[in-house]
Amino acid sequence: MIEIRIHGRGGQGVVTGAEMLSVAAFDEGRHAQAFPSFGSERMGAPVVSFCRIDDKEIRLREPIQEPDAVIVQDPTLFHSVDVFSGLKKDGYVLVNSTRGLDALGIAEVARRFPEGHVRAVGATEIAVKHVGRPVPNAALLGSFAAMTGQLKLASVEKAIMEKFPGRIGEANVAAAREAYALAGGK
Amino acid sequence: MLKQVEGSRAVAEAIALCRPEVVCAYPITPQTHIVEGVGELVKAGTLKDCEFINVESEFAALSVAIGASAAGARAYTATASQGLLFMAEAVYNAAGLGLPIVMTIGNRAIGAPINIWNDHTDSMSVRDSGWIQLFAETNQEAVDLHIQAFRLAELVSCPVMVCMDGFILTHAYERVDVPDQETVDGFLPKFEPVQVLDPAEPYSIGAMVGPDAFSEVRYLAHQKQLEALEKIPEIAAEFESAFGRASGGLLSRYRSDDAETVVVALGSVNGTIKETVDAMRADGHSIGNVSICAFRPFPLAALRDAVQHAKRIVCVEKSLAPGLGGIVASNVRMALRGVDHRVFTVIAGLGGRPISRASLKDVFERAASGELDDVTFLDLNWRVINEQLVRARDIRHSGPIAENVLKALNPGLGAAAK
């Protein structure tokens, strides 16, 4: 089982991100469970969502405490939330930022994880370029697929189109593709 | 059709497949997505010949469903928490009048203190209203139970509540097989009411009944529940042969037949319990799980059969009867009268507190080694409790409890009342 935790701020779409991850995994014939955090959700407040992916039925209902991967939609969260909490030793971290790990102040933490497992991608900028709005989900999912090899780009694209049919979906798919390529996905 | 879908959406699609003729909608978290989904399906024409009525309160929602059902329509509504309390009078009326309404409860805590998250206090507050109460363990079961609920309600002329954990199920995206219309139509015949308000042949429903007949009418309500006890397994068996999967029934057993410790619970927490059971079995513990689906009628005989071989029963309950302890445990003890068993209550998950495998394993091990109290609260923060107890003992004007507890947890909020 792979467990993914998404950190963001209320309104940035952590729930939608986890839902699309689960739909992409489902499209690949896997079992997946996406669910929101059980805390206060206000616009701008730190929020969390979760996604589990497995090859068998997922019965577990507890929040994810020891994730295999963490996606951080907003790098300002590093100041207030321990986004690395419980992250497995060989886990992945994907941060939405155009800044390097040094500038983000997480270079030292990153050295605890295998090479290439902690990365930053300018998902907001990619979204603004393709979608015209700062909605980083699609680019983050594209980057995540390339970085972890857990999902095919085609499944991510299908999940995006299912959630956002039409032109908005297509623009988001373009963002996901660019991020996938940037992260070395083939 | 297999889908990766939000629980609420899956239930909305299941409701549409049951062809309700009247749906009364009033929003309350965490149920709102369900009635919104049904509304969309009515607007899109997927659900035809259905009156979707936006009402002004939960009291109105169920009252309209009562009127619709009495006029012979298949009626549905959904609510949660304070919404269920607000319609409480109508809840008793629907059952007392024998109207086969189906209502989803997106289970949520009840205030004060106000809390929007999951526990079972809402459903438990009306457990003796005469409604049948079925608890779903997964979103698949929530879908399947709604289809069975209409069949059951109309068969015995009794309203049915399908209870699904708020957020944990209602807001979870997971794999659900939403059946096709033809299979549902084959399983669920057109509603033929046993009583109907018809201007052509007028009679009244809802007579005043005095001491000479009230007990008899109430006995018949009890008899109806006992009849449902027979029908629930029959309907579940028919469902399995029509839809190709087991869902519902009175209860289900998991590795419990030879278990010394049997953990009994309602709803989605059974999934986490099963994972805990597997891990503990691997470590050599003799432990299993019984998931109660039908809480009303309560399956006394089936439960007795499922757990009487065990040495101890641990009831994990998402509700608290202050001054008593566990409601489920009290019912389980009733099933085990005459049998010398320890029945433990573990109060867990109140107001949405996560229930983890680690905490469950700890209490199950303590139950097995004889160290567990009769009533245990999972993961209590004794520091804040003791601070409040001392404050209340030492200071007359000790202030509001909930606010004091919050301040003890988060010193940044300021000092507690003095």
Side-chain angles (χ1 to χ4, degrees), chain A residues 1 3-6 13-42 45-66 80 85-86 151 155-156 158-163 165, chain B residues 2-7 9 29-30 33 108-109 114-119 137-141 165-176 245 254 265 267-279 289 291 318 348-349 351-361 378-379 406:
Chain A
M1 180 157 66
E3 299 186 303
I4 303 144
R5 193 171 65 206
I6 306 182
V14 290
V15 175
T16 308
E19 289 169 358
M20 288 194 292
L21 266 179
S22 82
V23 172
F26 169 79
D27 284 335
E28 296 184 13
R30 311 188 72 187
H31 287 266
Q33 176 200 59
F35 57 107
S37 66
F38 306 122
S40 289
E41 286 173 29
R42 303 181 307 279
V47 289
V48 183
S49 68
F50 308 98
C51 181
R52 293 192 165 97
I53 300 172
D54 205 347
D55 293 319
K56 57 182 197 303
E57 186 191 354
I58 299 166
R59 301 180 300 192
L60 195 58
R61 299 287 176 185
E62 66 182 39
I64 293 171
Q65 312 270 12
E66 295 176 358
S80 53
S85 171
L151 293 165
S155 327
V156 172
K158 209 172 153 200
I160 293 169
M161 289 308 295
E162 189 178 317
K163 197 83 183 168
Chain B
L2 267 187
K3 296 179 180 187
Q4 181 76 12
V5 67
E6 193 191 43
R9 177 72 196 185
T29 299
H33 290 185
R108 165 182 154 182
I114 190 164
N115 176 295
I116 65 164
W117 294 281
N118 166 248
D119 69 31
E137 186 173 325
T138 63
N139 281 334
Q140 182 68 64
E141 191 164 54
D165 284 312
F167 293 105
I168 297 170
L169 291 182
T170 57
H171 287 55
Y173 259 63
E174 56 190 42
R175 175 187 291 220
V176 177
R245 62 175 169 270
Y254 182 76
S268 66
V269 72
N270 283 295
T272 307
I273 290 171
K274 286 181 171 111
E275 291 293 337
T276 311
V277 162
D278 283 356
N289 166 236
S291 170
K318 289 187 176 184
R353 176 163 299 182
I355 301 176
S356 71
R357 284 168 296 177
S359 297
L360 287 176
K361 179 169 182 275
L378 198 69
D379 298 333
L406 283 178

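Since the model is a prediction, treat every value here as computed from it, not as a measurement. Every chain is numbered from 1, with letters handed out A, B, ... down the list of sequences.
Around the CD atom of A:Glu28, the shell of radius 6.0 Å holds more than 12 heavy atoms that belong to other residues, nucleotides or ligands. Within 6.0 Å of NZ on B:Lys274 lie more than 12 heavy atoms contributed by other residues, nucleotides or ligands. Atom NZ of B:Lys361 has 12 or fewer heavy atoms from other residues, nucleotides or ligands within 6.0 Å.
B:Leu2 touches chain A through backbone and side chain together, each having a heavy atom under 4.5 Å away. For B:Asp278, the part lying near chain A is the side chain, with the backbone staying farther off; criterion is any non-hydrogen pair under 4.5 Å.
At least one side-chain heavy atom of A:Arg59 sits under 4.5 Å from a side-chain heavy atom of B:Tyr254. Side-chain contact between B:Arg357 and A:Leu60: present, with at least one pair of heavy atoms (C-beta onward) separated by less than 4.5 Å.
To the nearest 0.5 Å, the span separating CZ on A:Arg30 from CD on B:Gln4 amounts to 12.0 Å. In this structure, NE2 on A:His31 lies 10.5 Å from CD on B:Glu174, to the nearest 0.5 angstrom. Summarising the geometry, atom CZ belonging to A:Phe35 is positioned 13.5 Å from atom NE2 belonging to B:His171; distances are rounded to the nearest 0.5 Å.
With no hydrogens or angles considered, no side-chain donor-acceptor pair links A:Glu62 and B:Ser356 at under 3.5 Å.
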Step by step, work out the side-chain contact (heavy atoms from CB on, under 4.5 Å) result for A:Val23 and B:Tyr173. CA-CA 8 Å; A:Val23 172; B:Tyr173 259 63; 4.0 Å; yes
The test is salt bridge (Lys or Arg N to Asp or Glu O under 4.0 Å); show your working for B:Glu137 and A:Arg61 and say whether it passes. CA-CA 10 Å; B:Glu137 186 173 325; A:Arg61 299 287 176 185; over 6 Å; no
